[in-house]
Novice: 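Structure below; questions to follow.
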Amino acid sequence: MTEKNTPLWEVFIRARNGLSHKHVGSLHAVDAEMAMQAARDVYTRRGEGQSVWVVRSSDIVASDPTEKETMFEPTGSKIYRHPTFYDIPEDVGHM
Amino acid sequence: MYSQGLIGADGSTHEDAAFLEAFQKRVDAELKIEPNDPMPAGYRKTLVRQIAQHAHSEIVGMLPEGNWITRAPTLRRKAALLAKVQDEGGHGLYLYSAAETLGVSREELVDQLLSGKAKYSSIFNYPAITWADIGTIGWLVDGAAIMNQIPLCRCSFGPYARAMIRVCKEESFHQRQGYEIMLTLCKGSEEQKAMAQDALDRWWWPSLMMFGPHDADSTHSDQSMAWKIKRFTNDELRQKFIDATVPQAEFLGLTMPDPDLKWNEQKGGYDHGEIDWDEFWRVVKGDGICNRDRMKARRKAHDDNAWVREAALAYAEKTAARETAVAAE
Ligand SMILES: [Fe+2]
Ligand SMILES: [Fe+2]
């Protein structure tokens, strides 16, 4: 028997309108149709979702964990991107 | 499953002291460890083993109850049992996915179960003989599972903790439906109540064994505690379970099959009789009542369904090839 590994899919669910799709887990399926059916059975047995996305894991491009520093560190020093950086007299009121 | 998943787990690791210290610092600060983060080899190995055994337990755990779906006494009970068994299948799948993030494939994991290389919880090697067993399994076995799984929601490894949060949300219905079955039997005829007592007599001790060996005999447990894979020791969790369960048995009017069980005012918990550890190790090592049956059933299911996997894959490949051909035109 020549068994190939069944591809991995990532599952995203929108719990209700107004919320974005959120990653809930993964599963194995040979094609999109079966991935969608499995996602419904595995991840929405109690009305957890209004909408489901399934994406082949191999199609996801992820940031390199070893380059975390170069990737995210530069924003650490840019404190002027935050509202608290600016001094506004209290008399002005809420801004 | 759970604490039993650590039996024989070897957390030994060979990284240098600075690496281990930095890792321990992150764990101590309650920062979650994610799959791509640097981690000691022993941490990865321990987790793969524990999560995989937990997953196998969910899957094998479908067998004793699945056996009763067609014989449930009412449609209400049947629907509930069907939903519960389906949940257990889901739990197995969440857990396999969590283990796979550590670099092991689903095929390898399934293979380890079917070849007998990996273990699953000893509890599922006991038979479900009467309908009262289904009530007792929900009440005690899922009850013990919940006791074990709640602290695992805070496990240092992110994917395992997240899977446990989903699982715990679903488990409470399992325990409640089991206890409700027991309540109904205990309010029924003399025979029904006797059936409930008989099931409790058979399942009580094996349920206590679900928490694994005594702390003194539990090797590698300290390392798992330090890495915050585990938050409580086997004996601590077992004690919590006993203290929570004894009053529930009293409410049912049933008697725990342990003459030494009595309230200890000083420790604020129950003292209990000696657990038969010979029986425990016999079952863990493959000599329980149902070990052979369970493995046979799993292997048969895998073999009988091989054609489905093959056909689905062939269909997917054919469809993909046709789409490529159309796109090329
Ligand atoms: Fe479960
Ligand atoms: Fe359960």
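Below, all heavy atoms of this structure are taken into account, side chains as well, without hydrogens, waters or symmetry copies. None of these values were measured; they are calculated from a predicted model. In what follows, chains are A, B, ... by sequence order, proteins preceding strands, each numbered from 1.
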Novice: Go through B:Gly89, B:Ser105, B:Pro159, B:Ala312 and name the one with the most non-hydrogen pairs under 4.5 angstrom from chain A.
Specialist: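 Answer, by heavy-atom pair count under 4.5 Å with chain A: B:Ala312.
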
Novice: Please determine whether the number of non-hydrogen atoms from other residues, nucleotides or ligands lying under 6.0 Å from atom CD of B:Glu30 exceeds 12.
Specialist: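 Yes, because the 6.0 Å sphere around CD of B:Glu30 holds more than 12 heavy atoms from other groups.
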
Novice: Kindly indicate whether the side chain of A:Tyr43, heavy atoms from C-beta on, has any atom under 4.5 Å from the side chain of B:Arg166.
Specialist: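 In contact.
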
Novice: Give a yes or no answer on whether the side chain of B:Tyr96 reaches the backbone of A:Leu27 with a donor-acceptor pair at less than 3.5 Å.
Specialist: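 Side chain of B:Tyr96 to backbone of A:Leu27, a donor-acceptor pair under 3.5 Å: no, none is there.
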
Novice: So with a 6.0 Å cut-off around CD of A:Glu73, is the heavy-atom count from everything else above 12?
Specialist: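 Buried by this count: over 12 neighbours within 6.0 Å.
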
Novice: More than 12 heavy atoms of other residues, nucleotides or ligands under 6.0 Å from CE of B:Met295: yes or no?
Specialist: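 Counting neighbours around CE of B:Met295, more than 12 heavy atoms of other residues, nucleotides or ligands fall under 6.0 Å, so yes.
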
Novice: Are any non-hydrogen side-chain atoms of A:Asn5 and B:Arg106 less than 4.5 angstrom apart?
Specialist: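 Answer no - side chains too far apart.
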
Novice: Any heavy-atom pair between the side chains of B:Asp37 and A:Lys68 that's under 4.5 Å?
Specialist: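 When only atoms from C-beta onward are counted, B:Asp37 and A:Lys68 do touch, with a gap below 4.5 Å.
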
Novice: Please say whether more than 12 non-hydrogen atoms of neighbouring residues, nucleotides or ligands are located less than 6.0 Å from NZ in B:Lys318.
Specialist: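 No, NZ of B:Lys318 has 12 or fewer neighbouring heavy atoms, counting only those of other groups under 6.0 Å.
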
Novice: What I'd like to find out is whether the side chain of B:Glu170 reaches to under 4.5 Å of the side chain of A:Arg46, using heavy atoms alone.
Specialist: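 They are in contact (side-chain heavy atoms under 4.5 Å apart), so the answer is yes.
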
Novice: Does A:Ser26 offer a backbone N or O that forms a donor-acceptor pair with the side chain of B:Ser97 under 3.5 Å?
Specialist: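 Yes, the answer is positive, given that a donor and an acceptor are paired below the 3.5 Å cut-off.
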
Novice: Within the 4.5 Å heavy-atom criterion, are A:Thr6 and B:Glu107 side-chain neighbours or not?
Specialist: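 Yes, at least one pair of side-chain atoms sits under 4.5 Å.
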
Novice: What part of B:Glu34 gets closer than 4.5 Å to chain A, counting heavy atoms only: side chain, backbone, both or neither?
Specialist: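 No part of it gets close to chain A.
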
Novice: Between B:Tyr315 and A:Val30, is any pair of side-chain heavy atoms under 4.5 Å apart?
Specialist: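 No - every pair of side-chain heavy atoms lies 4.5 Å or more apart.
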
Novice: Kindly check if the number of other-residue, nucleotide or ligand heavy atoms within 6.0 Å of CZ (B:Arg176) is above 12?
Specialist: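 Atom CZ in B:Arg176 is not packed in, count stays at 12 or less.
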
Novice: Can you name the nearest heavy-atom pair linking A:Leu8 to B:Glu100, along with the distance?
Specialist: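 Heavy atoms of A:Leu8 and B:Glu100 come nearest at CD1-OE1, 4.1 Å.
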
Novice: How about A:Arg56: does its CZ atom have over 12 heavy atoms from other parts shown lying under 6.0 Å from it?
Specialist: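 Yes, the 6.0 Å shell around CZ holds more than 12 heavy atoms from other groups.
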
